Amino acid sequence: MPITYHIIPNEFLLLTISFIVGLCIGSFLNVVTYRLPIIYQRNYKKQCREFLNIDDELTEENVWPAGQVFNLKTPSSHCPSCNHRITPWENIPVISYFLLKGKCSSCKGKIPVHYPCVEFTTAIMTALVIYSFGMNWSTLPFLILTWSLFTLALIDSQHQILPDEITLSVLWLGIFISSLGLNLEVNLLDSVTGAIAGYSSLWLFNFLYKLVRQKEGMGHGDFKLFSALGAWLGSQSLLPLLILSSTLGSIYGASAIVFLNKDKFTSIPFGPFLAGSGFIFLLWGGQLDYFFLGFLGG
């Protein structure tokens with residue numbers, strides 16, 4: 001017999017508002033996931049040039065094209081094919097994509113479908129968090145964590161980097177809200193312990209892997225992300241979280257080999273699986289901790 005959910009009007013209004021807010025945030029996350037890796041790489045190139053004392057103008061042109069300011073705000077959103085400036089009506093989350101039939105209104109260039117997918121997924125995740133924690137100011141940190149995890153998953157899957165600007169900010173925010181008592185499941189001591197244990201456990205694993213295989217097993221961004229999750233979810237969630245993320249990563253890797261003909265030595269970013277598992281534990285961590293620890297304890 002199917003389960004029937006009865007949502008009272010107030011809850012329906014809550015979910016509707018949450019969904020709309022999530023769509024708008026998703027539109028912003030599209031900007032962040034596209035521009036932040038470019039900013040990150042350009043700053044790294046600039047630092048390398050300064051360290052090597054390279055003054056070649058052509059190289060500088062490649063780092064900062066024509067001296068143009070490039071950040072999350074500037075330049076305004078535009079079509080990468082024809083530089084058509086996107087108008088407000090063309091920038092309505094999800095809806096504009098279908099009104100434009102997935103094409104630029106100027107040059108008819110194809111708009112990547114992942115843009116509305118990111119907006120819709122962000123809306124769903126936002127609604128789930130608000131429905132679980134309620135619509136109040138104390139829920140805001142958990143929404144920031146959710147949006148940050150999704151952003152990190154997107155960036156790492158595309159560029160295999162986890163920017164410190166996000167991972168370290170999430171780490172300190174987790175410790176901060178625990179110190180204020182806003183995280184009812186994790187106190188300050190457990191938050192700090194989880195952060196330390198999260199970083200050191202993956203660092204140790206990578207150190208041993210490097211001794212045996214003579215190469216890095218994972219990036220340092222994974223250490224910081226796992227540390228941030230430890231700060232939010234507590235030390236008791238680290239082992240179940242690692243088991244779940246490793247299982248998801250293994251399933252994806254095996255599927256990629258079988259169905260996508262990927263080479264078995266192809267590196268797979270671990271960040272998306274850590275981030276996804278972190279979001280799952282944020283909503284259903286108590287039940288999962290009980291399941292995993294009970295399973296391991298027999």
Side-chain angles (χ1 to χ4, degrees), residues 33 37 114 117-118 121-122 124-125 128 145-164 166-167 170-171 174 194-298:
T33 55
H114 76 260
C117 288
V118 167
T121 303
T122 305
I124 293 294
M125 296 172 71
L128 283 172
L145 172 64
T146 298
W147 300 330
S148 299
L149 290 177
F150 190 36
T151 303
L152 288 169
L154 292 171
I155 292 177
D156 198 30
S157 63
Q158 296 172 15
H159 304 279
Q160 295 197 12
I161 57 174
L162 292 167
D164 288 348
I166 301 179
T167 54
V170 170
L171 167 61
I196 295 173
Y199 188 94
S200 57
S201 59
L202 287 194
W203 179 91
L204 179 60
F205 171 81
N206 186 66
F207 175 77
L208 296 175
Y209 183 90
K210 191 174 181 179
L211 283 180
V212 176
R213 300 292 299 273
Q214 301 300 311
K215 63 179 181 179
E216 298 283 349
M218 61 181 64
H220 289 207
D222 296 320
F223 308 165
K224 299 168 190 175
L225 175 54
F226 199 44
S227 177
L229 292 174
W232 281 86
L233 303 174
S235 56
Q236 76 283 350
S237 296
L238 289 177
L239 181 57
L241 181 62
L242 187 59
I243 293 174
L244 178 60
S245 56
S246 299
T247 302
L248 294 177
S250 299
I251 293 173
Y252 173 83
S255 300
I257 293 173
V258 174
F259 299 107
L260 301 178
N261 295 320
K262 294 286 187 179
D263 187 272
K264 65 179 180 179
F265 297 108
T266 301
S267 61
I268 298 174
F270 191 42
F273 306 106
L274 277 177
S277 299
F279 176 71
I280 292 172
F281 268 79
L282 176 65
L283 298 183
W284 302 287
Q287 299 91 316
L288 290 171
D289 284 340
Y290 180 80
F291 171 79
F292 278 108
L293 295 178
F295 178 79
L296 293 174

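Quick note: residue numbers are just sequence positions, from 1. Only a predicted model underlies this, so the values are computations on that prediction, with no experimental measurement involved. Worth knowing before you read on, the calculation uses all heavy atoms, side chains too, and leaves out hydrogens, waters and symmetry mates.
A donor-acceptor pair under 3.5 Å is formed between the side chain of Trp232 and the backbone N or O of Val170. Counting only distance, with no hydrogens or angles, the side chain of Ser245 and the backbone of Leu242 share a donor-acceptor pair below 3.5 Å. For the pair Ser157 (side chain) and Ala153 (backbone), a donor-acceptor distance under 3.5 Å is present.
Summarising the geometry, atom CG belonging to Leu154 is positioned 9.5 Å from atom NE2 belonging to His159; distances are rounded to the nearest 0.5 Å. A distance of 10.0 Å separates CG of Leu204 from CZ of Phe223, quoted to the nearest 0.5 Å. Note that the CG atom of Leu149 and the CG atom of Leu282 stand 8.0 Å from one another [nearest 0.5 Å]. Considering OH of Tyr199 and NE2 of His220, their distance stands at 6.0 Å, rounded to 0.5 Å. In this structure, CG in Asp156 is found 10.5 Å from OG1 in Thr167, a value given to the nearest 0.5 Å.
The closest side-chain heavy-atom distance from Leu225 to Phe270 is not below 4.5 Å. Annotation: side chain of Thr33 is not in contact with side chain of Val118 (no heavy-atom distance under 4.5 Å). Side-chain contact between Leu152 and Pro163: present, with at least one pair of heavy atoms (C-beta onward) separated by less than 4.5 Å. Side chains of Phe205 and Met218 form a contact here, defined as non-hydrogen atoms less than 4.5 Å apart. Under the 4.5 Å side-chain criterion, counting only non-hydrogen atoms from C-beta, Trp147 is not in contact with Met125. Between Lys224 and Leu171 there is no side-chain heavy-atom pair separated by less than 4.5 Å. Side-chain contact between Leu229 and Phe281 is absent, with no heavy atoms from C-beta onward closer than 4.5 Å.
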